[in-house]
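Below is one structure, written out as structure tokens; the observations come after it.
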Amino acid sequence: MTTHVLGDVPFGLGLVEAAARPGRRVTLSAAARARVAAARAVVERHAGGDEPVYGLNTGLGGNLAYRLTPGEVEAFQVQLVRGRSIGVGEPFPEPVARLMLLCRIVGLAAGGSGISPAVLDLLVAMFDAGLTPVIPGRGSIGAADLGLCAHIGLAAIGRGEVFVGGARRPAAEALAEAGLAPARLAAKDGLAILNSSAVSCGHAVAVLRDWADLALLSAAVAALSCEGYAANPRIFDPRLASARPARGQERAAALFRAALDGSALHAPGAARSVQDALSFRTLAPVVGTALAAFEAAVESVETEVNAAADNPLVLADDGLILSTANFHTPAIALAFDALAIAGAQLATGVAWRAAKMLDARMTGLPRYLSPVGGASAGLNALGKTAAALHAEVRLKAMPASLDALPVSDGVEDHAPQTPLTIRKLGEQLEPLRMLVAIEALVAAQAVDLRAPPHLAPVTRILHAAMRDAVPRLDEDRETGPDVDRVVALMRGPELVGRLRAALGDAGNAFDLRMTPIRGQA
């Protein structure tokens, strides 16, 4: 059984994803335990004093002016967990909620929350035992995920529900069966669990992992389209990319060179034209921009996962507890809105490459890629499906970070809507995946009809996988189910894993595991 040590080095998102897999365990380093203990000592000193400290001896939000008596402090921590458990709707899937619990544990180990060591130990024990809080999917505006993190606190005090091996169980029963006692919350403990963006971060890790896999598949499919269209591969010459080294463009060009390495397209006269349509010619700039947007999103989430983003924040070295806005996450919201817009840019190229390959005037291949001819529809009717999917992708690209209603008596009058930007990007993946599947179906048919002397090793892997899933089109048939079969192929880990391996270092471009932690090479 693998155990991950928290608290000595920053956690990259690839490590977060790996550490949250079933059966993995975590433990706090000695340095982390020392930080937590030092911060807790500061909390306890302030809890016995008269100085007002937000959430320690005062109310929250609009109740800020209310001063708690010493006898109310502990009861208030339970009260704020219960009273702020406001999540609604379908809960996050168990694997995603486990990511959220891990993200909160990592944040607490930074030492800024002042949580009681015993409460943090309980959260670690829950994680190790596979007890994952059931967290509703909606209820946060991104000014911390307080109302959703409250459901983590609920489970810790023996209320609410947890997932255990895929089944939902009352938290009190599951804790007892695991030999764990519910947490007894002392001063600031409830707020320490709640006032973070762990729900956004955990969900972001899951969405970025899926986005990275789909982006890599989309690049491989575009390379297969180049084979079927007989596109000019010289557009990926490194000298061209370095002449205007826009963010990500050089690495994207390298990715396509790796994907087409060994292709018959490189033979003299093999390319259809000296200059192709922009949907082919701009692959490096468009995919490079998406790569840069992906890395910006990863960096923004990594910053939050590893930060002491609490309010109030315990400064153990100075013996202070100060109010902050460190919980606010506009950087993540803006990055995920930008990544969704990058997804729409990818989708436009996908749709147009498919359309170009169906046009006999552009390819020299049979009309609609139908070997039958005559009145045959071939793959042309899928253009309607592609147009519908493209519209849906564009809809999900609309920014979500622009709206905010003041809440809590107007005290909280700014919000980045971070969870919504993450949810929206996740929802964009499904129509985008279907659209990429259509391009793959069209590209594989174009390759079959063009019959080049040989494909590149990478595109050969993709073409063979396509033909294992869907036979070549030799007469008109139902093509919607063909697309669904390709979508299922793309969802599985095997194909993307084989493509990554075949691409070598270039395949690390869209890989959460290979994205460097901020500030590290």
Side-chain angles (χ1 to χ4, degrees), residues 4 6 11-22 24-26 81 84-110 113 115 119-120 122-157 160-164 166 168 171 174 190 192-210 297-298 300-307 309-310 327 329 332-333 336 418-423 425-426 512:
H4 299 270
L6 309 181
F11 253 46
L13 298 194
L15 185 54
V16 171
E17 194 273 335
R21 292 171 189 163
R24 301 290 180 94
R25 300 169 65 91
V26 297
V81 169
R84 285 163 178 79
S85 294
I86 57 173
V88 298
E90 187 72 19
F92 290 100
E94 181 178 7
V96 178
R98 185 168 166 83
L99 283 164
M100 295 167 177
L101 175 58
L102 176 59
C103 285
R104 190 61 200 122
I105 292 170
V106 173
L108 291 169
S113 71
I115 195 168
V119 177
L120 179 53
L122 174 64
L123 295 177
V124 170
M126 290 172 62
F127 181 87
D128 289 348
L131 276 58
T132 304
V134 174
I135 303 172
R138 291 172 170 84
S140 171
I141 57 176
D145 298 325
L146 191 141
L148 297 183
C149 287
H151 294 266
I152 299 176
L154 268 186
I157 64 174
E161 293 182 302
V162 295
F163 289 109
V164 184
R168 291 172 66 166
I193 297 173
L194 271 59
N195 213 1
S196 86
S197 301
V199 169
S200 291
C201 289
H203 193 196
V205 172
V207 170
L208 288 171
R209 175 197 59 210
D210 293 345
V298 169
S300 69
V301 179
E302 272 187 355
T303 297
E304 193 68 23
V305 168
N306 291 286
D310 303 271
F327 55 82
T329 51
I332 299 177
F336 273 72
T418 307
L420 182 56
T421 67
I422 297 167
R423 174 185 295 278
L425 181 66
L512 202 61

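These numbers come from a predicted model, not from an experiment.
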Pair Asp145 + Arg84, salt bridge at N-O below 4.0 Å:
no

Validation row: Ser196, Arg104 side chains within 4.5 angstrom (heavy atoms)
yes

Interatomic distance, CG@Leu102 vs CZ@Phe11, rounded to 0.5 Å, equals 6.5 Å

Shortest non-hydrogen contact between Pro133 and Ala97, atoms and distance
O-CB, 3.5 Å

Applying side chain to side chain contact (heavy atoms under 4.5 Å, CB included), run through Leu108 and Leu123 and close with a yes or a no.
CA-CA 10 Å; Leu108 291 169; Leu123 295 177; 3.6 Å; yes

With rounding to the nearest 0.5 Å, note down the distance linking CG in Leu15 to NE2 in His4.
6.0 Å

Atom pair CG (Leu208) and SG (Cys201), whose distance is rounded to the nearest 0.5 Å
10.5 Å

Which heavy-atom pair separates Phe336 from Ala204 by the least distance, and what is that distance?
CZ-CB, 3.6 Å

With side chain to side chain contact (heavy atoms under 4.5 Å, CB included) as the criterion, how do Leu512 and Val16 come out once you've worked through the C-alpha distance, each side chain's angles and the decisive distance to 0.1 Å?
CA-CA 10 Å; Leu512 202 61; Val16 171; over 6 Å; no

Sole candidate of Ile422, Val96, Thr421 that passes side chain to side chain contact (heavy atoms under 4.5 Å, CB included) when paired with Val207
Ile422

I need the Ile135 CD1 to Ser140 OG distance, nearest 0.5 Å.
11.5 Å

Side chain to side chain, Leu146 and Phe327, heavy atoms closer than 4.5 Å
no

Are side-chain heavy atoms of Arg168 and Pro91 found at a separation under 4.5 Å?
yes

Looking only at side chains, do Arg423 and His203 share a donor and an acceptor under 3.5 Å apart?
no

All heavy atoms of Ala144 vs all of Ser197, minimum pair found to be CA-OG, 3.8 Å

Heavy-atom nearest pair, Ala174 first then Val164, reads CB-CG2, 4.0 Å

Would you say Thr329's side chain and Thr418's backbone share a donor-acceptor pair under 3.5 angstrom?
no

Taking every heavy atom of Pro136 against every heavy atom of Leu148, the minimum-distance pair comes out as O-CD2, 3.5 Å

Would you say Val81 and Ile193 make side-chain contact, with heavy atoms under 4.5 Å?
no

For Ala155 against Met126, the heavy-atom pair lying closest together
CB-CE, 4.0 Å

Kindly compute the distance separating CD1 (Ile157) from CD1 (Ile152), expressed to the nearest 0.5 Å.
13.0 Å

To the nearest 0.5 Å, how far apart are CZ in Arg25 and CG in Asp128?
4.0 Å

Would you check if the side chain of Glu90 reaches a backbone N or O of Gly137 as a donor-acceptor pair within less than 3.5 Å?
no

Does Val301 form a side chain to side chain contact (heavy atoms under 4.5 Å, CB included) with Ile332? I'd like the steps, not just the answer.
CA-CA 6 Å; Val301 179; Ile332 299 177; 4.2 Å; yes

Is any side-chain heavy atom of Leu101 less than 4.5 Å from a side-chain heavy atom of Leu131?
no

